[in-house]
Amino acid sequence: MTTVKEKTRTPDTGFPDVEALPEGAPNPRCQWYYGVCTDAATHHITRPAVGDEEPEANTYCQRHWVLQMARDLEVHMPTCTGTVDSHYAGYGPIGGT
Ligand SMILES: [Zn+2]
Ligand SMILES: [Zn+2]
């Protein structure tokens, strides 16, 4: 007979506590769009609210957070009429300032 491994409430996933996530963050995994990433999400990029919508927060591992910010600045900004500030409600370490 096999024993069923008991689930623990606080597995050591490396994910931040959900309460520490910025407003609008759906879940604490790396949401790098251009590939699968299983690294722990430690940083966020939060887009400003549009109209009645909530701000949209995406979480990334540090490496992909840097790459996403670079992509915003190097790929998107040159063809966008908006200011850099207009693209962010917040960004940085999750749970940080
Ligand atoms: Zn990642
Ligand atoms: Zn833009």
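Read the numbers this way: they start at 1 and go in the same order the structure lists the ligands and their atoms. None of these values were measured; they are calculated from a predicted model.
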Kindly report the SG-the Zn ion (ligand 1)-ND1 angle for C37 and H64 respectively, rounded to 10°.
->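 My answer is 110°, to the nearest 10°.
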4.5 Å side-chain heavy-atom contact, C61 and C37 |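 The answer is yes, as the side chains (C-beta and beyond) meet within the 4.5 Å cut-off.
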Any chance the side chains of H87 and H76 put a donor and an acceptor closer than 3.5 Å?
->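 Judged by distance alone, the side chains do pair up.
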Indicate whether the side chain of N58 and that of Y33 have a donor and an acceptor atom separated by less than 3.5 Å.
->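 There is no such pair (donor and acceptor under 3.5 Å, judged by atom type) between the side chains of N58 and Y33.
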How long is the span from the OH atom in Y60 to the CG atom in D39, to the nearest 0.5 Å?
->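 Reported value, rounded in 0.5 Å steps: 14.5 Å.
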Atom name, H76 (N, O or S, nearest to the Zn ion (ligand 2)) =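 Among the N, O or S atoms of H76, the one closest to the Zn ion (ligand 2) is NE2.
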In degrees, rounded to 10 degrees, what angle do H87 atom NE2 and C80 atom SG make at the Zn ion (ligand 2)?
->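 My answer is 110°, to the nearest 10°.
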